[in-house]
Visitor: 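First the structure, which I've put down as structure tokens, then a few questions once you've had a look.
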Number of protein chains: 4
Amino acid sequence: MEISNVETLFDKTLQESKLTAKQQSVLKVSLNLFAEKGFDGTSTSEIAKQAGVSEGTVFKQFKTKDGILAALLNPFLDQVVPMAATEFLTEVKDLRFDDLTAFFNYVIKDRMTFAIANQKQLKILVQEIIRNSDMIQSFVDKIVSRILNTFGKSLQTFKDRGILVDWPTERIIRYFLGVAGSYIVPAVLIGKADQLDIEKSCSEATEFLVRGLTPIK
Amino acid sequence: MEISNVETLFDKTLQESKLTAKQQSVLKVSLNLFAEKGFDGTSTSEIAKQAGVSEGTVFKQFKTKDGILAALLNPFLDQVVPMAATEFLTEVKDLRFDDLTAFFNYVIKDRMTFAIANQKQLKILVQEIIRNSDMIQSFVDKIVSRILNTFGKSLQTFKDRGILVDWPTERIIRYFLGVAGSYIVPAVLIGKADQLDIEKSCSEATEFLVRGLTPIK
Amino acid sequence: MEISNVETLFDKTLQESKLTAKQQSVLKVSLNLFAEKGFDGTSTSEIAKQAGVSEGTVFKQFKTKDGILAALLNPFLDQVVPMAATEFLTEVKDLRFDDLTAFFNYVIKDRMTFAIANQKQLKILVQEIIRNSDMIQSFVDKIVSRILNTFGKSLQTFKDRGILVDWPTERIIRYFLGVAGSYIVPAVLIGKADQLDIEKSCSEATEFLVRGLTPIK
Amino acid sequence: MEISNVETLFDKTLQESKLTAKQQSVLKVSLNLFAEKGFDGTSTSEIAKQAGVSEGTVFKQFKTKDGILAALLNPFLDQVVPMAATEFLTEVKDLRFDDLTAFFNYVIKDRMTFAIANQKQLKILVQEIIRNSDMIQSFVDKIVSRILNTFGKSLQTFKDRGILVDWPTERIIRYFLGVAGSYIVPAVLIGKADQLDIEKSCSEATEFLVRGLTPIK
DNA sequence: TATGAATGAGACTTCATTCAT
DNA sequence: TATGAATGAAGTCTCATTCAT
């Protein structure tokens, strides 16, 4: 079983973007600086300097500083998230998971890997959500309903087989994200996400989730 | 059993601060604006305007804009968190919890109430952690070790009685925070934390935690 | 008969404006630079430098560069023009003009003096009209209808006495402005308005207008 | 009697210019934009976009932005004005005007038609005169002396015949331009020059001028 | 203590112009 | 000839901070 190679999605997006090397450099540098110092805490002159580019070049392509942010987040929101979601979900359909442990372990590992690979975008996204909760509301709704429909169906098969507690899908997903987040969030915030032992974290998280979500006979 | 009245800690801090009414107004307004728009996204002139105060007054007491931030977060970090922690822990000591459910339900409700009451400070804190992960590192360490020592002792009694799984305290706390966070974080981010049904959320969270953390005979 | 002292209207407006000396200096300098080099051709840094003021000060009071323009033109449009118009028209009512020559000479001299005194504002206004014909349309309509009502009544008395040709007021005013403008416009554009011999210009213009507007017996 | 077809002078100049279609497009677009928004208010990138041309192309032929301005105004100043002037003056010489009315009517209509046809160039010219009164001084002198010599001679014949008041040519031309301008300027500024009823305007203007300039017996 | 005018560094952005392709 | 990415100087504007009143 192969983990989808989500790490390269940002780079792949760059390559397909028809942006020049300099403009790609602007995006890469902006991703790092926005994640490190926040959007407001990053100046366009610093972006230009670190990208080895004139300040005019920064604006030639992206028009405004917000344009850079959009260029970073839109592919992530419009393509990466749904794509990765679909990607993993189609794989899920094709696979036979005999027990909850195998299924949970797969999903947790997949999502955790994705989160680590895109931790910078996630960090930036969190900041934007704080700065502008309205703008993000629609995005959240879209994502949630998508996950409910797809992931929820997988869960239903386990409920039908009597090996998953019969709680609302929303509640189960809540614990999924909460438990996964309890490993990812601290690691990302401290900036040591790369040192996270994914295998161990996944098996621990899976163990706890399976306990908590197995029906009591 | 009385829930500690954490909602008023900020206000109480203000009253005890010997600040003039205008300077208290500056702090209140800053708390709201920093939480809404971020520290960098808030200008001192806007603080002054909303506080009904001149621009000079903002700096008279707090010296710098960072000084305002410190005046908001330091009481929260230095007093409020430990105080509330201690407060709740001393109460815990005095109480007899016969089963895990009663204990977890109490703790979760206490912490969730606290988080909701201080959601703005938490929001600001998250932003600062993103902007400056180093500065916060020490704080995290301090808090964690404190919780480990105090909360961990309570957990040990349950482990000894064989009604709590024998995992490291750190791991159990991780799931505590993760599950509690799965209710609080979305509510706070969306800005609808006040509409959260705390009773229902706590009993749900407790139910799941108890399932996941009860030893399998 | 005393010519109204229109030269000091701008200065008087400044004094009544509650602006600090520095901000008044910004306005004075802006008036000169906008008139000399055009609005677009004048930079705020040059305004600041010539006004002996920091660039921040320029924006402290007037918010934007357009704000400076508004601060220059609004008093001119909202107060000066109507005021001067009313001023001269009430005087006209009180005066007895036996013949067309005396009346025309008075009016022409009054308006020509006013135009020379406010030549810079007029220059700026012309530029703005070119840049933004829509915005000015309403202003033109207001002024025209005002002049028609007031000046037109004076003209009517001369028509009734049979010493003024019975053309529409609008047409007569057209020639008034055209002939007066034929003296003022070149002088202002060349920048030698101060060398204009007002007495001679007025008597010449009056002579021509009286010839052209006297009924042919 | 044929009115010289001045409307096409700009187009004719373009055709004879050996400029490529793209470069002609640059000039046409620049003429419109400079007239609408002013020279300083028009960016070369906007010219390029509206002309359907790359930014580099704009500079390939005209070197600088001022070069575009020169390419627009120089033919107008160096060729169009004198040419049209000469053109009309040679025609005038060949024609016999029995009375002032016929002569004035012809001249006014000719010049008014010319002004309307070249209103955009005139608008641009006015802006440039405001921005740079020195540069234009020489041009004005040239034009004025030319008109004085040619138009002045025609006027002299009428003075000799005793049907034109014996004022200095300069003064008569002043009223000519003033009265003609009183029709043209408002129409051009408001942007409704095309709706101007030239026939009616000319006969009105002529009527007034003839009254004002006919000797009193 | 409180005010708010003043500051100047620096932010974002525009734009005329150049040059490799 | 034509393109458009790149430039960097300059423009408008913001903002934390100071200080005389």
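Residue numbers begin at 1 in each chain, while the letters A, B, ... track the order of the sequences.
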Visitor: When the nearest nucleotide of DNA chain E is assigned to A:F39 and to D:K63 on a heavy-atom basis, which residue is associated with the more 5' position?
Guide: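 Here A:F39 is the residue nearer the 5' end.
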
Visitor: Rounded to the nearest Å, what distance is computed from the CG atom of residue B:D66 to the C1' atom of nucleotide F:dT17?
Guide: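 Atom-to-atom, B:D66 to F:dT17, this comes out as 12 Å.
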
Visitor: Side-chain N or O of B:K60 less than 4.0 angstrom from OP1 or OP2 on E:dT1?
Guide: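 Checking E:dT1 against B:K60, no side-chain N or O comes under 4.0 Å of OP1 or OP2.
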
Visitor: Can you tell me the distance, in whole Å, between the NZ atom of C:K65 and the P atom of F:dA10?
Guide: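 These atoms are roughly 16 Å apart.
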
Visitor: Does a side-chain N or O of B:Q23 approach OP1 or OP2 of E:dA2 to a distance below 4.0 Å, or not?
Guide: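 Yes, within the criterion.
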
Visitor: May I have the distance from B:F59 (atom CZ) to E:dA5 (atom P), rounded to whole angstrom?
Guide: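 Nearest whole value for this atom pair: 16 Å.
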
Visitor: When rounded to the nearest 0.5 angstrom, what distance separates CD in B:Q61 from CD1 in B:I68?
Guide: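 One gets 10.5 Å once the value is rounded to the nearest 0.5 Å.
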
Visitor: Does a side-chain N or O from A:S45 land closer than 4.0 Å to OP1 or OP2 of E:dA11, or not?
Guide: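 Checking A:S45 against E:dA11: at least one side-chain N or O falls below 4.0 Å of OP1 or OP2.
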
Visitor: For DNA chain E, whose closest nucleotide is more 5', that of C:V53 or that of A:E55?
Guide: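 This one resolves to C:V53.
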
Visitor: When the distance from CZ of B:F62 to P of F:dA16 is rounded to whole Å, what number comes out?
Guide: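 The answer, rounded to whole Å, is 15 Å.
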
Visitor: So, is B:S54 near the phosphate of E:dG4, with a side-chain N or O under 4.0 Å from OP1 or OP2?
Guide: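 B:S54 to E:dG4 OP1/OP2: no side-chain N or O under 4.0 Å.
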
Visitor: With a cut-off of less than 4.0 Å, is there a side-chain N or O of B:T57 near OP1 or OP2 of E:dT3?
Guide: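 B:T57 to E:dT3 OP1/OP2: side-chain N or O found under 4.0 Å.
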
Visitor: What is the separation between atom CG on C:D40 and atom P on F:dA10, rounded to the nearest whole Å?
Guide: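 Distance, rounded to whole Å: 18 Å.
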
Visitor: Could you check if a side-chain atom of D:F62 sits within less than 4.5 angstrom of a side-chain atom of D:L19, using non-hydrogen atoms only?
Guide: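 SC-SC contact between D:F62 and D:L19 confirmed.
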
Visitor: Does A:K22 have a side-chain nitrogen or oxygen under 4.0 Å from the phosphate oxygens OP1 or OP2 of F:dA6?
Guide: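 For F:dA6, neither OP1 nor OP2 has a side-chain N or O of A:K22 closer than 4.0 Å.
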
Visitor: For E:dA20, which nucleotide is its Watson-Crick or G-U wobble mate, given both distances must be under 3.5 Å?
Guide: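 Its partner is F:dT3 (Watson-Crick or G-U wobble, both distances under 3.5 Å).
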
Visitor: Any luck finding a side-chain donor-acceptor pair between A:E55 and A:T44 under 3.5 Å?
Guide: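 Yes, a side-chain donor-acceptor pair sits under 3.5 Å.
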
Visitor: So, OP1 or OP2 of E:dA2: does either fall under 4.0 Å of a side-chain N or O from B:T20?
Guide: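 Yes, within the criterion.
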
Visitor: With heavy atoms under 4.0 Å as the rule, sort D:T44 into base, sugar-phosphate or nothing.
Guide: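 Since a base atom lies under 4.0 Å of D:T44, the category is base.
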
Visitor: Given C:F39 and C:D66, is the side chain to side chain contact (heavy atoms under 4.5 Å, CB included) satisfied, shown in steps?
Guide: CA-CA 9 Å; C:F39 178 79; C:D66 278 297; 3.7 Å; yes

